[in-house]
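A short write-up of the structure that comes next.
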Amino acid sequence: MLSPRRLFGTNGIRGVANKELTSEMAITIGSAVGTFFKNGTLIVGHDARTSSPMLAKAVIAGLNATGCDVLFVGMSPTPALQYAVKNHKPDGAVIITASHNPPEYNGIKVIWNDGIELSREQEIAVENIFFDGKMRYAEWDNIGTTRDLPGVIEDYTEAIKKHVNTEMIAKKHYRIVIDAANSVGNLAAPYLFRDLGCKVMTINGNIDGTFPGRLPEPRVENLTELASTVKAVGADLGVAYDGDADRSVFVDENGEICWGDKTFALIGKYFLKDNPNEKIVTPISSSTLIKDIADTYKGKLVWTKVGSVTVSQTMKKIKAKLGGEENGGIFYGPHQSVRDGAMATALILDIMAKTRKKLSKLIGELPKYFIEKGKVECPENLKEKTLENLIKQMKGLNISTIDGVKVWFKDKSAILIRPSGTEPIYRLYAEAKNEQKAKQLVNEYCLKLRRLIASLKD
Ligand code: MG
């Protein structure tokens, strides 16, 4: 739950359109952001949601009112808009998207001049302007202008091609099925991979902001149609994007869904083979699989708090070239240090072409872990105390307290226990070399947590 003085959650401003996030609010947010950027020039674009054009117009009105000029892109994948910031060097950008959230939601992401979302300190500055009503409106003769910015998606796909061996991929004539959830992923990826010599088939390929095909989050239960289509048409690869196409989840030629940890580890492995001693950035929620890869191929792994903005900011700070998340976010620094679904897909095709191996084989060559998840209810007011006590109980174990508490055991099993930022629960993520051990870990720590929370209630 956000405090009364907070607009931004872990990834921008989010809410149900016309209820929590109204056009009136969007104008004021536009003016607060415009005041923050002081007469700057900002790129504005949006995803395919039904409420996105309305909210984009409102944000633009607010920006123009404070004297900011707007370069309007229209509908576009989020990573293409972030790349446009890198390419055109405006002062920043505003993206209207709720990413993977259900269709009724929308959101406002504010991007700094490096293409990365604002830091928490910058967000606080915008929030202070918004809540204190400190918007600085321009005089009538200084109101900002808005003009269209064409060619953003073409520039973006051309940039991706520079980071892979296009000739080698083209020779393979891969068959690929793309499921972009009726959203903006359809505007870039199908054309990019056609240019790379692939035979591209799409499902949920028509743009429709009601998301009639599947929900915008690429979770296993939303990808059954993609998995069966890949098998039915004998494709080499399937890929699903989330609602704004920054996350990608892959399906191998047998119709098996490969979760984000695995594809990140695969990309990490071949990245480190070519770039030994480089740093790889990943949130503490990622599998030990990533650490195994970093150790084997002489990389340096840097753990962060959970959240894509933290990964981007950390990569920038320590000059890392690769980042990844278990949910299918791949950050390829040589292109841009933000999540990028089409870039991740190009990297996977590059590895398949280079090794002449099928995706199932490449994934099969990685170390294996079994993952189990659990949750325990915990009142908001006990979350902090619970964590403090839990950490005390774990004294002597190999732990990290970057975000919640993670314990690594000698038998290569591990468990992460962290309070949810949005619900009154603790989430548990266990992994082990066999399924039974992973389940046992979740059960054991669920019980420990319940006992601890009960004792704190007394
Ligand atoms: Mg997204």
Side-chain angles (χ1 to χ4, degrees), residues 8-15 17 21 43-52 55-56 73 75-85 93-111 115-118 152-153 156 160 178-189 204 207 209 211 213-220 222-223 226 239-250 259-260 263-264 282-283 285-286 306-313 315 323-332 335-345 421-422:
F8 293 88
T10 47
N11 210 326
I13 301 164
R14 295 277 167 93
L21 185 55
I43 286 175
V44 176
H46 58 81
D47 69 12
R49 288 166 193 271
T50 55
S51 56
S52 290
L55 292 170
V73 174
M75 208 184 278
S76 172
T78 289
L81 290 164
Q82 287 173 290
Y83 183 76
V85 174
V94 179
I95 306 174
I96 313 300
T97 178
S99 185
H100 61 277
N101 289 148
E104 63 273 23
Y105 280 78
N106 215 326
I108 299 174
K109 253 179 202 278
V110 186
I111 307 292
I116 300 173
E117 290 87 344
L118 295 191
V152 160
I153 293 174
Y156 163 70
I160 290 175
I178 297 174
D179 176 357
N182 301 99
S183 195
V184 288
N186 288 305
L187 300 175
N204 305 317
I207 299 282
F211 295 92
R214 66 162 168 92
L215 286 172
E217 179 154 28
R219 293 169 69 91
V220 171
N222 296 332
L223 303 186
L226 174 65
V239 59
Y241 300 118
D242 75 324
D244 65 337
D246 59 352
R247 274 165 59 190
S248 47
V249 173
F250 296 86
W259 196 235
T263 39
F264 175 37
T282 198
S285 52
S286 292
V306 176
S308 66
V309 182
T310 312
V311 174
S312 290
Q313 304 278 9
M315 283 178 70
E325 298 173 305
E326 52 87 37
N327 62 14
I330 297 290
F331 310 63
Y332 189 61
H335 171 55
Q336 54 178 351
S337 300
V338 295
R339 303 197 283 206
D340 191 323
M343 183 71 244
T345 314
T422 50

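None of these values were measured; they are calculated from a predicted model. Order of appearance sets the numbers: ligands from 1, and atoms from 1 within every ligand. Worth knowing before you read on, the calculation uses all heavy atoms, side chains too, and leaves out hydrogens, waters and symmetry mates.
- Asp246 contributes OD1 as its N, O or S atom closest to the Mg ion (ligand 1).
- Put simply, the side chain of Ile330 does not reach to within 4.5 Å of the side chain of Met343, judged on heavy atoms.
- Looking at Arg214 and Asn204, their side chains never bring a donor and an acceptor atom within 3.5 Å of each other.
- Inclusion of Thr97 in the first shell of the Mg ion (ligand 1) is not supported: no N, O or S atom falls under 2.8 Å.
- Between the side chains of Ser51 and Asn106, a donor-acceptor pair is found at a separation under 3.5 Å.
- Looking only at side-chain heavy atoms (C-beta outward), His335 and Pro79 stay at 4.5 Å or farther from each other.
- Checked against the Mg ion (ligand 1), the N, O or S atom of Asp242 at the shortest distance is OD2.
- Within Asp244, the N, O or S atom lying nearest to the Mg ion (ligand 1) carries the name OD1.
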